[in-house]
Amino acid sequence: MRPIKPLARSFYQSKTLKVAEALLGAVLVHATPEGTVAGRIVECEAYVGEDDPACHASRGRTARNGIMYGPPGFSYVYFTYGMHYLLNAVTEIEGFPAAVLIRAVEPLEGLDLMAARRGMEDVRLFTSGPARLTQAFGITTAQNGLDMTAGPLAIHRDGRKREGEIVWTGRVGIRHGTEKPWRCYLAESPYVSKR
DNA sequence: AGAATGATCCTCT
DNA sequence: GAGGATCATTCTC
């Protein structure tokens with residue numbers, strides 16, 4: 001009943017800010033042998049090109065950030081703080097490094113599996129943060145570089161009309177580039193990460 | 001307020 | 001190659 005068709009590559013091959021806003025309300029799905037989990041995206045951030053000081057590509061292409069230089073619609077998953085994985089969707093044309101960080105989703109399917117992976121029962125804390133959601137979804141660097149227009153990790157358009165107001169603020173958890181209002185979220189959602 | 005915890009990258013040899 | 005700073009965070013104290 002859920003979303004059937006993943007968002008196409010053309011959706012991602014667009015201005016990153018536009019993609020970030022359009023992803024609000026879309027549904028992230030991850031199918032694994034353990035089961036399938038799904039959640040509605042309620043918070044995103046844009047990281048745009050080598051001139052964006054907060055973007056991993058700000059110091060040029062490396063082995064780690066190479067995925068962002070590739071074609072749009074692929075996953076960019078990286079490990080940070082010695083314990084956390086963060087999920088991005090690559091945007092814009094091939095050769096231009098940019099991506100949208102998925103910061104929070106509203107749990108829709110696979111709640112039991114999310115609880116098991118998170119080791120807690122509070123639904124509000126399952127996916128309300130970029131590292132929380134990757135843990136709940138079972139996403140690690142094993143999922144880096146996957147084509148999200150097809151396959152086990154994908155983002156689907158939600159059939160429903162998007163409800164609620166969209167808010168833009170500065171990005172969270174970065175040192176440089178905090179003045180750019182490139183974080184967007186659904187104002188009414190209780191699953192937005194704090195701050 | 002600070003610890004946890006390790007991959008990555010920069011700056012030297 | 002080795003050493004050290006830096007981290008798109010979360011949880012607990």
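Each chain gets a letter, A, B and so on, in the order its sequence line appears, and its residues count up from 1. A quick note: this is a predicted structure, and the numbers were derived from the prediction, not measured.
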Sugar-phosphate only, base, or nothing, as touched by [X] at under 4.0 Å among non-hydrogen atoms:
X: Arg64(A); value: sugar-phosphate
X: Ala131(A); value: sugar-phosphate
X: Thr80(A); value: base

Do you see a donor-acceptor pair shorter than 3.5 Å between the side chains of Arg118(A) and Gln135(A)? yes
Is a side-chain donor-acceptor pair under 3.5 Å present for Ser189(A) with Glu106(A)? no
Less than 4.0 angstrom between a side-chain N/O of Arg183(A) and OP1 or OP2 of dA8(C), yes or no? no
Please determine if a side-chain N or O atom of Arg59(A) lies less than 4.0 Å away from the OP1 or OP2 oxygen of dT8(B). no
Determine, for Tyr47(A) and Arg171(A), whether the Lys NZ or Arg CZ falls below 6.0 Å from the six-membered ring centre while staying within 45 degrees of the axis. yes
Met120(A) or Ala54(A), whichever maps to the more 5' nucleotide of DNA chain C: Ala54(A)
Nearest-nucleotide 5' precedence on DNA chain C, Gly129(A) against His176(A): His176(A)
Could you tell me how far apart [X] ([atom1]) and [N] ([atom2]) are, to the nearest whole angstrom?
X: Tyr81(A); N: dT6(C); atom1: OH; atom2: P; result: 12 Å
X: Asn65(A); N: dC9(B); atom1: CG; atom2: P; result: 7 Å
X: Phe126(A); N: dT10(C); atom1: CZ; atom2: P; result: 15 Å
X: Ile67(A); N: dA7(B); atom1: CD1; atom2: P; result: 19 Å
X: Tyr47(A); N: dC7(C); atom1: OH; atom2: P; result: 12 Å
X: Arg132(A); N: dT9(C); atom1: CZ; atom2: C1'; result: 9 Å
X: Asp122(A); N: dT10(C); atom1: CG; atom2: P; result: 14 Å
X: Tyr85(A); N: dT10(C); atom1: OH; atom2: P; result: 15 Å

Using centres under 5.5 Å plus planes under 30 degrees as the test, is Phe79(A) stacked with dA7(B)? no
Options [options], nucleotide nearest the side-chain atoms of [X]:
X: Met68(A); options: dC11(C), dA4(B), dA8(C); answer: dA8(C)
X: Tyr76(A); options: dA8(C), dC11(C), dC9(B); answer: dA8(C)
X: Val172(A); options: dA8(C), dC11(C), dT9(C); answer: dT9(C)

Any stem touching DNA chain B, meaning at least three consecutive Watson-Crick or G-U pairs under 3.5 Å, ordered by first number, would be B:1-4 with C:9-12, B:6-12 with C:1-7
Thr134(A) and Leu87(A): which non-hydrogen atoms are nearest, and at how many Å? CG2-N, 3.8 Å
Is Asp112(A) atom CG crowded by more than 12 heavy atoms from other residues, nucleotides or ligands, each under 6.0 Å away? no
I'd like to know if His84(A) reaches the base of dA8(C) with its side chain, counting only an N/O donor and acceptor under 3.5 Å. no
Between the base of dA8(C) and the side chain of Tyr78(A), is one N or O donor paired with an acceptor at under 3.5 angstrom? yes
Residue of the set Val27(A), Val29(A), Ile41(A) for which side-chain contact (heavy atoms from CB on, under 4.5 Å) holds with Ile155(A): Ile41(A)
Here's a test for you: under side-chain contact (heavy atoms from CB on, under 4.5 Å), which of Val167(A), Val172(A), Thr178(A) qualifies with Arg183(A)? Val172(A)
Please report the distance separating the P of dT5(B) from the corresponding atom of dG3(C), rounded so that it comes out in whole Å. 22 Å
Do the ring planes of Tyr76(A) and Tyr78(A) sit parallel (below 30°), tilted (30 to 60°) or perpendicular (above 60°)? tilted
